[in-house]
Amino acid sequence: MRLTPELEITRQLSTFVNSRQELLIANARFVGSREFCALEGFSERVLSQVNHLTQALSLTEQEQALARDITDAVAALSR
């Protein structure tokens, strides 16, 4: 299987979301919201998830670093 940038970002996002139960629950609520469902495109959806979680919860340094890595990886897609 070929590792695409989108697949790697999805893996990072999964690691981030599943790292703590509070993140998992907050993400599940958000992705079930009308706001999230109205979003289109991979990058927009991933960035909105990361932004929502960083604003909704206090993150550890490791979680903050992973959120930055995901955001940077998404930004690299548009270059």
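- Nearest heavy-atom pair across Phe42 and Glu6 is CZ-O, 3.5 Å.
- Taking CG of Leu59 as the start and CG of Leu66 as the end, the distance is 9.5 Å to the nearest 0.5 Å.
- Here side-chain hydrogen bond (donor to acceptor under 3.5 Å, both in side chains) pairs that include residues 41-52, with residues two or more places apart or in two chains, are Asn27-Gln49.
- Within the structure, the salt bridge (Lys or Arg N to Asp or Glu O under 4.0 Å) test picks out the following pairs touching residues 56-65 (sequence neighbours left out): Arg20-Glu63.
- A side chain to side chain contact (heavy atoms under 4.5 Å, CB included) with Val46 is found for one member of Thr10, Leu39, Val74 and no other, namely Val74.
- To the nearest 0.5 Å, atom CG of residue Leu13 and atom CD of residue Glu8 are 11.5 Å apart.
- Around atom CD of Glu35, no more than 12 heavy atoms belonging to other residues, nucleotides or ligands sit under 6.0 Å away.
- The residue from Val31, Ile25, Leu53 that alone fulfils the side chain to side chain contact (heavy atoms under 4.5 Å, CB included) condition with Val17 is Leu53.
- Note on residues 56-79: no pairs pass ring-ring contact (aromatic ring centres under 6.0 Å, His included), not counting sequence neighbours.
- Under the 4.5 Å side-chain contact rule for hydrophobic residues, Leu7 and Phe16 do not share a cluster.
- Residue Phe36 comes nearest to Phe30 through the heavy atom pair CB-O, 3.2 Å, listed as atom of the first residue, atom of the second, then distance.
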